[in-house]
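Please read these numbers as outputs of a predicted model, since none were measured by experiment. Counting starts at 1 for both ligands and their atoms, following the listed order.
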Amino acid sequence: MDLILLGPPGAGKGTQAKMMADRWEIPQVSTGDILRAAVKEGRPLGLEAKSFMDRGELVPDRVVIGIIGERLEEKDAAGGFILDGFPRTIPQAEALQEILAGLGRKISCVLSIEVEEEKLVVRLTGRRICRNCGQSYHLVFNPPARDGICGRCGGDLYQRDDDKEETIRQRLTVYREQTQPLVGFYESKNLLKRIDGSDSKEKIFSGIVEVVESDCRG
Ligand code: ADP
Ligand code: ADP
Ligand code: ZN
């Protein structure tokens with residue numbers, strides 16, 4: 001199963017992707033996580049991406065398309081994957097089709113997680129991330145059992161540099177202008193499944209399981 005999670009920053013893509021990866025035993029492929037790891041390790045990719053990420057802008061298509069092309073060729077993605085945060089532009093979506101065609105496969109479904117904008121800001125300003133496994137927490141909606149510590153792996157939690165209100169507003173504008181058009185793009189290919197993302201994460205997950213297990217296994 002080759003799945004895409006589409007949705008604005010803070011919609012819950014990362015949270016759902018981890019639950020989906022556990023259920024269907026396919027990897028979560030997050031371009032945001034890959035880029036943040038490259039920044040942390042000081043790799044050339046990170047140096048190139050950092051200024052865009054700090055400003056809340058998209059990293060150039062060429063860079064993220066290169067990352068995905070390499071990542072989807074790895075062995076663990078052979079039985080399927082969950083793309084979280086890619087594609088984010090029409091050129092990225094077109095490049096993905098070519099990459100998949102080259103591997104003899106195609107997208108099974110695109111799940112569009114929909115949440116109103118004011119909720120997104122509240123979710124993102126309270127978000128905390130595990131430095132080790134990338135699990136997302138929220139100070140109010142999904143607090144860790146022990147303050148500052150990941151319940152999944154014991155890693156310490158931090159706040160992303162781009163989860164500040166000004167940068168969040170910029171990311172939401174970028175989403176509206178550059179990423180939202182993908183909803184229509186995938187709808188016209190009959191791949192889009194709309195998911196109401198305003199419920200609890202457990203209810204959203206049951207909705208996703210139902211849709212994927214009935215409509216996306218081809
Ligand atoms: P994305 O990957 O789409 O940016 P995340 O999965 O990181 O989103 O979630 C954003 C924030 O909202 C995190 O703090 C997360 O704990 C919280 N969150 C995720 N799902 C829900 C939900 N259904 N209800 C409330 N908060 C949520
Ligand atoms: P969120 O979970 O809040 O949606 P991500 O972790 O997916 O955020 O992305 C963080 C930042 O990484 C983005 O603001 C952007 O700068 C960069 N990025 C991630 N994925 C892409 C992509 N597919 N295309 C361009 N830039 C990306
Ligand atoms: Zn962790």
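Here is the list of ligand 1 atoms found below 4.0 Å of a heavy atom in Asn142: 16 (O). Of all atoms in ligand 1, numbered sequentially from 1 with element shown, those under 4.0 Å from a heavy atom of Lys201 are 23 (N). Near Pro9, with a cut-off below 4.0 Å to any heavy atom, the atoms of ligand 2 are 3 (O), 4 (O). Which parts of ligand 1 touch Ile204 is read off a 4.0 Å heavy-atom cut-off, strictly below it: atoms 23 (N).
Not a single heavy atom of Arg55 lies less than 4.0 angstrom from ligand 2. Look at Ser200 and you'll find a heavy atom under 4.0 Å from some atom of ligand 1. Using a 4.0 angstrom heavy-atom cutoff, Arg123 does not count as in contact with ligand 2.
Stacking of Lys201 on the aromatic ring of Phe205 is not recorded, the 6.0 Å distance cut-off and the 45° axial limit not both being met. A cation-pi arrangement is not found for Arg88 relative to Phe86, the charged atom failing to lie both closer than 6.0 Å to the ring centre and inside a 45° cone about the ring normal.
The Zn ion (ligand 3) is the vertex of the angle joining SG of Cys150 and SG of Cys133, which measures 110° to the nearest 10°.
Annotation: atom 15 (C) of ligand 2 to nearest protein heavy atom, Glu57 O, 3.5 Å. Of all protein heavy atoms, the one closest to atom 11 (C) of ligand 2 is Met53 CE, 4.0 Å. With hydrogens left out, the protein atom closest to atom 5 (P) of ligand 2 is Arg88 NH2, 3.7 Å, a heavy atom.
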Name each donor-acceptor pair under 3.5 Å that joins a side chain in residues 104-115 to protein atoms two or more places apart or in another chain, with its distance.
from	atom 1	to	atom 2	distance (Å)
Arg105	NE	Asp2	OD2	2.9
Arg105	NH1	Ala77	O	3.2
Arg105	NH1	Ala78	O	3.4
Arg105	NH2	Asp2	OD1	2.7
Arg105	NH2	Asp2	OD2	3.4
Arg105	NH2	Ala77	O	3.0
Ser108	OG	Asp2	N	2.9
Ser108	OG	Asp2	O	3.4
Ser112	OG	Glu114	OE2	3.2
Glu114	OE2	Arg194	NH1	2.8

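Heavy-atom minimum distance, Arg131 versus Lys40: O-NZ, 3.7 Å.
Considering backbone and side-chain N/O of Gly14, one or more are found under 3.5 Å from N/O of ligand 1.
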